[in-house]
Undergrad: 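I am attaching a structure below and will ask some questions about it afterwards.
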Amino acid sequence: MCGIVGIVGKENATDILVQGLEKLEYRGYDSAGIFVTGVNEQDHLVKSLGRIADLRARIGQEVQGTVGIGHTRWATHGKPSERNAHPHTAGDHQFILVHNGVIENFEEIKQEFLQGEQLAGETDTEIVVHLIAHFSKEAPNTKEAFKKALAVIKGSYAFALINKNDPETIYVAKNKSPLLIGLGEEFNVICSDAMAMLSQTNRFVEIADGELVTVKADKIEIEDETGTIVCRDSYEAQLDLSDIEKGTYPYYMLKEIDDQPAVMRRIILEYTDQVGRTTIDQTIIEKITESDRVYVVACGTSYHAGWVGKTIIEKVAGIPVEVHLSSEFSYNMPLLSDNPFFIFLSQSGETADSRQVLVQINDLGFPSLTLTNVPGSTLSREAMYTLLLHAGPEIAVASTKAYTAQIAVLAVLAKAIGDKKASPVSKAFDVAHELSVIASVMETIIDDKITISQLVEDYLAVTRNAFYIGRGTDYYVSMEAALKLKEISYIQAEGFAAGELKHGTIALIEEGTPVFGVITDEKTAAHTRGNLKEVESRGAHNFVISLASLAKETDQVILPDVHPLLTSLVSIVPTQLIAYFATLQRGYDVDKPRNLAKSVTVE
Ligand code: M6R
């Protein structure tokens, strides 16, 4: 989703801003822009529809400045266009603003304060910069005008504001949308994601909702809602620039698929000791053990990981688990048990739908744990406890290693709770050993990706749609496999409970429709094979992914056997590769699918 970068310094900032925006490309966007000022009293506003490369092509030698802000926009209000791209200006171009988030009362603001005002586009952001210009007529300075505007605005935002008559300062404020200050020698930066400015600094300062920060080259000043100056320590980002480079890989997605065995091994190291005991903080385990029901709340791929996690926790730890979509939960809260415990699954830790639920849960006083890949992310800061996924940065929009990391960490968590409750299933579940087996099996599948690439040509070269079917955990994997395929290859794909197809959806099976069956559970294998026969006799082109002990010679992908509770960790890998190769063969950008954002920071 939208990204923000900014810098106040002494050197030319143009390239730093554009490089910062390039680092945010993975989040998804449709237009971009920068504003720079501070050299020879010249200022420059450059915007472009499309990629950062298009923006770069428009930036001439003369576009120089020591102070600047930049933005990647993912359209919400107003279609993707140059005039709707940020930065937006007002007050005869005196005020320049970039914004992430959504202003809920922008229509009311327009009616009350901006009647007759000429607007260039349709964005909610443009209303805000005009509002600041409006208040600046009566306010003593930019900060006071900004504060007056903030007092009127309702919604989520991260703002960066420049007054070009005071070109040595950037004013920033946030509510619900992420924004960080990065500290440098004779410069300071701002960014919505630390990755954008890692090439400049790895020391960052967090900003809390409701704070306003004045950023200059040699100092920053944080003010809370009451106007009190806040002192806050900086922290070192635990990120390495090399973690966010593709290296020799053509796409991040392929690198991230290949990373998965190493991620499994890292999770073993992080969460178990040398004799295989779990090392998760016992206060978390006690809190979960005291609860009568666990509620997993998540979106997209994380939601699918939640379903697999439910099975593992229920079987190993014996606690009932419900899995909910964040976007539904917040408006339609189910009847909760007496003593609930909430687990938020989120790769980014910034998903607005999940955060909305966390705010409600915190208001109700219920305990919560976030499993996230991003330390210091909003969901991590606001939940009672955090467990990190240790998957390393995930850049491709299509989530792969975060999914398997979530399941692996949930498995360790299940083991820790089960051991605390002296569950016999848990006693027999050597999670560290089983995850190390998983890592080796993942490597075997990944090493043979050429076979999958060839099969994809046979099955998906021309089709418009496809189905994944399975039962139990294989159904949950099917949902995730279908999401992966549709989000990057644009093949209309559905993940179905194998037994449910005949209750309606089987009507869509035609001659040649690809149907992928996932078979890793001996209790359901025969039934799923029966369902595959049903679709085959109606023309389906069947593709079977099975475990070796359940395989037939004719199956397309046969996976080595692994622990029955962890089969999803290996059956998902060929489906990730299927999505990858189908997308590549269709000539689409694997890492940046249309319309999608990596971190979905609007509800
Ligand atoms: O960062 P989160 O895990 O909270 O993100 C949730 C979804 O937006 C995300 O999983 C999305 O579905 C991915 N693009 C799927 O590949």
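Read the numbers this way: they start at 1 and go in the same order the structure lists the ligands and their atoms.
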Undergrad: Under 6.0 Å between ring centres: does that hold for Y403 and H304?
TA: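 When the ring centroids of Y403 and H304 are compared, they turn out to be at least 6.0 Å apart.
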Undergrad: In terms of ring plane angle, is the pair F543 and F516 parallel, tilted or perpendicular, where the classes change at 30° and 60°?
TA: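 If you compare the ring of F543 with that of F516, the planes turn out tilted.
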Undergrad: Apply the test ring-ring contact (aromatic ring centres under 6.0 Å, His included) to residues Y29 and H71: give CA-CA distance (whole Å), side-chain angles for both, the deciding distance (0.1 Å), then the verdict.
TA: CA-CA 9 Å; Y29 68 105; H71 189 264; 9.9 Å; no
Undergrad: Counting only heavy atoms and a distance below 4.0 Å, can you name the residues contacting ligand 1?
TA: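 Residues within 4.0 Å of ligand 1: C299, G300, T301, S302, S346, Q347, S348, T351, V397, A398, S399, L483, K484, E487, V600.
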Undergrad: Return yes if some donor-acceptor pair links the side-chain N/O of T404 with the main-chain N/O of Q260 below 3.5 Å, else return no.
TA: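 Such a contact is absent between T404 side chain and Q260 backbone.
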Undergrad: Parallel, tilted or perpendicular: which fits the ring planes of H324 and Y295, with parallel below 30° and perpendicular above 60°?
TA: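 Answer is parallel, since the angle falls under 30°.
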Undergrad: According to the interplanar angle, ranging from 0 to 90°, do the rings of Y157 and F159 count as parallel (below 30°), tilted (30 to 60°) or perpendicular (above 60°)?
TA: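 Y157 and F159: parallel rings.
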